[in-house]
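Down below is the structure, laid out as structure tokens.
Note: hydrogens, waters and symmetry copies are ignored here, and every other heavy atom, side chains too, is used.
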Amino acid sequence: METVLNRYHIRVRKWCASCEHKEVDKEGNRICTGMQLKVPKDFVCPKWHLSDGLNNAGRPYVNCKQIKNNESEE
């Protein structure tokens, strides 16, 4: 299966599950909004585009803070 690198250099599989145009209906079927078809999870259409969530995977959201020790040193 082909993989691509996102903007933080993390490998992501190129398939319907990682596409921006993927939607899931009430029955759990995948629908490609670019082609208006029901598709299997491993389907890759020519309009495939990496979803925003996976493109931002690996982005640092947490700032490290120094933990202060409240115990007095003797």
Side-chain angles (χ1 to χ4, degrees):
M1 177 127 327
E2 186 179 350
T3 60
V4 294
L5 292 176
N6 72 358
R7 69 174 71 161
Y8 297 101
H9 304 288
I10 295 176
R11 292 198 179 275
V12 179
R13 285 185 183 173
K14 186 175 179 179
W15 56 349
C16 181
S18 63
C19 183
E20 181 178 293
H21 305 293
K22 172 199 70 170
E23 287 188 10
V24 179
D25 65 5
K26 293 178 183 178
E27 298 171 356
N29 298 319
R30 294 181 191 273
I31 299 173
C32 178
T33 58
M35 297 179 62
Q36 300 299 322
L37 295 172
K38 288 184 181 180
V39 294
K41 69 177 182 179
D42 56 348
F43 180 78
V44 179
C45 72
K47 296 182 180 182
W48 182 89
H49 189 264
L50 186 61
S51 69
D52 289 337
L54 289 174
N55 199 18
N56 290 325
R59 182 176 177 190
Y61 286 107
V62 180
N63 293 330
C64 293
K65 296 181 181 180
Q66 185 177 4
I67 299 174
K68 294 182 181 178
N69 191 353
N70 291 334
E71 297 176 11
S72 61
E73 296 181 20
E74 294 180 35

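Between Asn6 and Ala57, the shortest heavy-atom distance links the atoms ND2-O, 2.9 Å. Heavy atoms only, all atoms of each residue included: Arg30 and Cys16 are closest at CD-SG, 3.9 Å. Heavy-atom minimum distance, Gln36 versus Thr33: NE2-O, 2.8 Å.
Phe43 belongs to a hydrophobic cluster whose other members, connected by ILVMFWY side-chain contacts under 4.5 Å either directly or through intermediates, are Met35, Leu37, Val39.
Looking only at distances, no side-chain donor or acceptor of Asn55 sits under 3.5 Å from a matching main-chain atom of Leu50. Checking side-chain atoms of Trp48 against main-chain N and O of Trp15 turns up a donor-acceptor pair under 3.5 Å.
In this view, His49 and Glu20 satisfy the side chain to side chain donor-acceptor pair (under 3.5 Å) rule, not counting sequence neighbours. Partners of Arg7 under the side chain to side chain donor-acceptor pair (under 3.5 Å) rule, at least two apart in sequence or in another chain, are Asn56.
In the hydrophobic cluster analysis, where Ile, Leu, Val, Met, Phe, Trp and Tyr join through side-chain heavy atoms closer than 4.5 angstrom, Ile31 is grouped apart from Val44.
Note that the CG atom of Leu5 and the CZ atom of Arg11 stand 5.0 Å from one another [nearest 0.5 Å].
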